[in-house]
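Bear in mind that the values here come from a model prediction, so they are computed numbers and not experimental data. All residue numbers in this chain count up from 1 along the given sequence.
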Amino acid sequence: MKKCIVISDSFKGTLSSRDICEIARQSIPRFFPYCEIAALPVADGGEGTVECFVEAIQAQPVEVTVAGPYGEAVQAIYCRSGNRAVIEVASAAGLPMVGERQNPERTTTFGVGQLIRHAAENGCREILLGLGGSCTNDGGCGCAAALGTRFFQGNDEEFVPVGGSLERIARIDISETRRLLKQVTITAMCDVDNPLCGPQGAAHVFGPQKGADEAMAERLDSGLCHLADMIRRGLGLSVGNIPGAGAAGGLGAGCIAFLGGTLKPGIEAVLDMLDFDRRLAGTDLVITGEGRLDSQSIHGKVISGIARRTKPGNIPLLAIVGGIGSGAEEAYDLGVTAIFGTDRQAASLDEISPLASENYRRTLEDVLRLIRAVEK
């Protein structure tokens with residue numbers, strides 16, 4: 001084996017993508033000392049996405065003081081490589097930032113817009129925006145306001161809407177935002193297909209985990225429906241039913257309507273940013289994985305996205321996963337060559353967690369022993 005790419009999702013709660021990459025860097029040379037190793041940590045747009053790009057493509061971290069979920073000053077970090085930037089919504093409006101003060105009627109994405117503005121004003125022309133892990137439900141209005149979009153109430157007074165005041169929007173002016181982002185391409189990493197509003201929308205599906213009870217979810221949903229109507233009437237765009245519009249409390253819709261952005265599955269956006277197709281040239285083996293593989297996860301994120309890239313070139317793709325559930329065999333139809341589980345005994349997550357690193361190492365090295373034996 002002359003070239004191997006390791007690009008795995010984290011095993012949530014037990015093993016990070018960076019941990020997996022480090023194990024691969026240590027283990028593969030023991031069996032294939034002359035093998036070229038590309039170990040690429042990946043994340044799907046939530047917390048940790050920027051950190052992964054810093055390591056995977058040596059992107060430069062940039063620290064900026066921005067407004068937090070309640071307008072307080074916070075230190076947020078994005079990263080850039082050349083004229084490309086990667087930004088996490090979670091760094092300025094993340095759910096862990098509010099602790100027990102969860103209230104999606106009051107939280108804002110304003111700080112996210114400040115990060116985008118900083119990147120754009122400092123020469124970034126391609127921005128990848130991770131939508132995971134937000135504590136907000138403002139439809140991206142705060143983000144847009146930080147980028148120059150003006151929102152007006154019925155008395156023509158300007159204000160910055162939050163989740164609880166979306167119904168007050170009477171007019172929207174995006175001219176300054178479009179001017180600022182005229183030469184900037186924004187792609188939002190989105191792994192949900194929820195619409196902006198309705199029973200499957202942002203407020204009803206994701207609101208409860210952000211602190212909304214049933215009554216608040218109803219109010220938030222009503223506000224998002226009103227926002228969709230204002231966007232349709234004022235901007236001529238119908239965003240309410242676009243799959244993914246409900247991501248990050250409606251920021252998916254706001255990204256399209258206010259920022260002129262597009263939504264893209266997280267792993268597809270990551271692989272494009274990593275120039276993955278070019279990296280595949282001359283590759284003998286790709287190793288991927290995630291915490292659990294079953295019929296529910298098989299068509300989801302990292303594994304299926306990578307399989308779509310390796311299958312056309314008939315490049316062997318191994319999936320090393322924590323647990324293997326019913327329906328995991330469907331991965332073979334997607335282009336996965338073989339699946340290996342790291343869990344060596346029936347045990348609870350608390351019992352497995354301390355062993356996760358060693359179990360992964362042993363499984364990987366078992367696979368490498370087999371490949372070496374076949375090649376001899």
Side-chain angles (χ1 to χ4, degrees), residues 6-10 12 15-25 37-69 72-98 108-136 142-143 146-147 180-181 183-191 248 251 255 259 261 264 266-276 279 302:
V6 179
I7 179 167
S8 176
D9 202 352
S10 63
K12 193 159 292 185
L15 202 58
S16 74
S17 182
R18 295 181 69 193
D19 292 335
I20 290 169
C21 286
E22 185 56 33
I23 292 171
R25 291 191 191 100
I37 304 167
L40 307 173
V42 292
D44 59 7
E47 188 175 0
T49 299
V50 165
E51 185 178 29
C52 283
F53 276 104
V54 168
E55 180 169 336
I57 60 173
Q58 289 74 57
Q60 181 67 37
V62 181
E63 187 170 350
V64 187
T65 301
V66 299
E72 73 281 20
V74 299
Q75 296 299 117
I77 295 177
Y78 71 92
C79 69
R80 63 177 297 166
S81 176
N83 67 354
R84 301 183 300 174
V86 180
I87 295 172
E88 296 174 18
V89 169
S91 68
L95 191 56
M97 298 175 72
V98 297
T108 181
T109 55
F110 195 89
V112 178
Q114 289 176 304
L115 288 172
I116 295 173
R117 176 182 282 274
H118 189 277
E121 291 181 340
N122 284 276
C124 293
R125 294 295 172 259
E126 296 179 37
I127 295 176
L128 184 60
L129 180 63
L131 298 184
S134 82
C135 64
T136 55
C143 175
L147 290 162
L180 177 67
L181 301 179
Q183 296 181 312
V184 179
T185 299
I186 296 180
T187 303
M189 299 166 64
C190 179
D191 286 319
L251 181 54
C255 183
L259 314 186
K264 196 170 187 177
I267 186 58
E268 298 298 335
V270 167
L271 293 177
D272 286 345
M273 180 72 89
L274 294 176
D275 202 8
F276 186 72
R279 291 175 183 264
V302 171

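By the side chain to side chain contact (heavy atoms under 4.5 Å, CB included) test, E51 pairs with R18, sequence neighbours left out. Looking at residues two or more places apart in sequence or on another chain, you find a side chain to side chain contact (heavy atoms under 4.5 Å, CB included) between L180 and R117, E121, L147. Take V54 and apply the side chain to side chain contact (heavy atoms under 4.5 Å, CB included) test, not counting sequence neighbours, and it matches V50, P61, C79.
In this structure, the side chains of D272 and K264 come closer than 4.5 Å at one or more pairs of heavy atoms. Between P69 and T108, the closest side-chain pair of non-hydrogen atoms is not below 4.5 Å. Residues V270 and F276 are not in side-chain contact: their nearest non-hydrogen atoms beyond the backbone lie 4.5 Å or more apart. Put simply, the side chain of I186 reaches to within 4.5 Å of the side chain of L181, judged on heavy atoms. Looking at heavy atoms from C-beta onward, V42 lies out of side-chain contact with C52 at the 4.5 angstrom threshold. Side chains of L128 and F53 form a contact here, defined as non-hydrogen atoms less than 4.5 Å apart. Using a 4.5 Å heavy-atom cutoff, the side chains of I127 and I116 are in contact. No side-chain heavy atom of L15 sits less than 4.5 Å from a side-chain heavy atom of S10.
Scanning both residues, M97 and A90, for their nearest heavy atoms gives SD-O, 3.5 Å. Between S134 and V89, the shortest heavy-atom distance links the atoms CB-CG1, 3.8 Å. Contact record, G48 with E88: N-OE2, 3.2 Å, taken as the closest heavy-atom pair. In terms of heavy atoms, A119 sits closest to A85 at CB-CB, 4.1 Å. Residues A248 and T136 share a closest heavy-atom pair of O-OG1, 3.8 Å. Across S17 and P41, no two heavy atoms sit closer than the pair OG-CA, 3.1 Å.
Atom CG of residue L129 and atom SG of residue C143 lie 7.0 Å apart, to the nearest 0.5 angstrom. One distance of note links CG of L115 with CD1 of I77; it measures 10.0 Å at 0.5 Å rounding. To the nearest 0.5 Å, atom NE2 of residue H118 and atom CD1 of residue I87 are 10.0 Å apart.
Under the 3.5 Å distance criterion, the side-chain polar atoms of Q60 are left unmatched by any main-chain donor or acceptor of S81. Proximity of a side-chain donor or acceptor of T65 to a complementary backbone N or O of Q75 within less than 3.5 Å is not detected. No donor-acceptor pair closer than 3.5 Å links the side chain of N83 to the backbone N or O of G123. Distance alone, capped at 3.5 Å, places no donor-acceptor pair between the R25 side chain and the I37 backbone. Side-chain atoms of R279 come within 3.5 Å of backbone N or O of L274 as a donor-acceptor pair.
Between E63 and R80 there is no salt bridge, since no side-chain N of the basic residue sits under 4.0 Å from a carboxylate O of the acidic one.
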Just do the side chain to side chain contact (heavy atoms under 4.5 Å, CB included) check on V86 and Y78 with the steps written out, would you?
CA-CA 6 Å; V86 180; Y78 71 92; over 6 Å; no
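Across T49, L251, V112, a single residue satisfies side-chain contact (heavy atoms from CB on, under 4.5 Å) together with L131, and that is L251.
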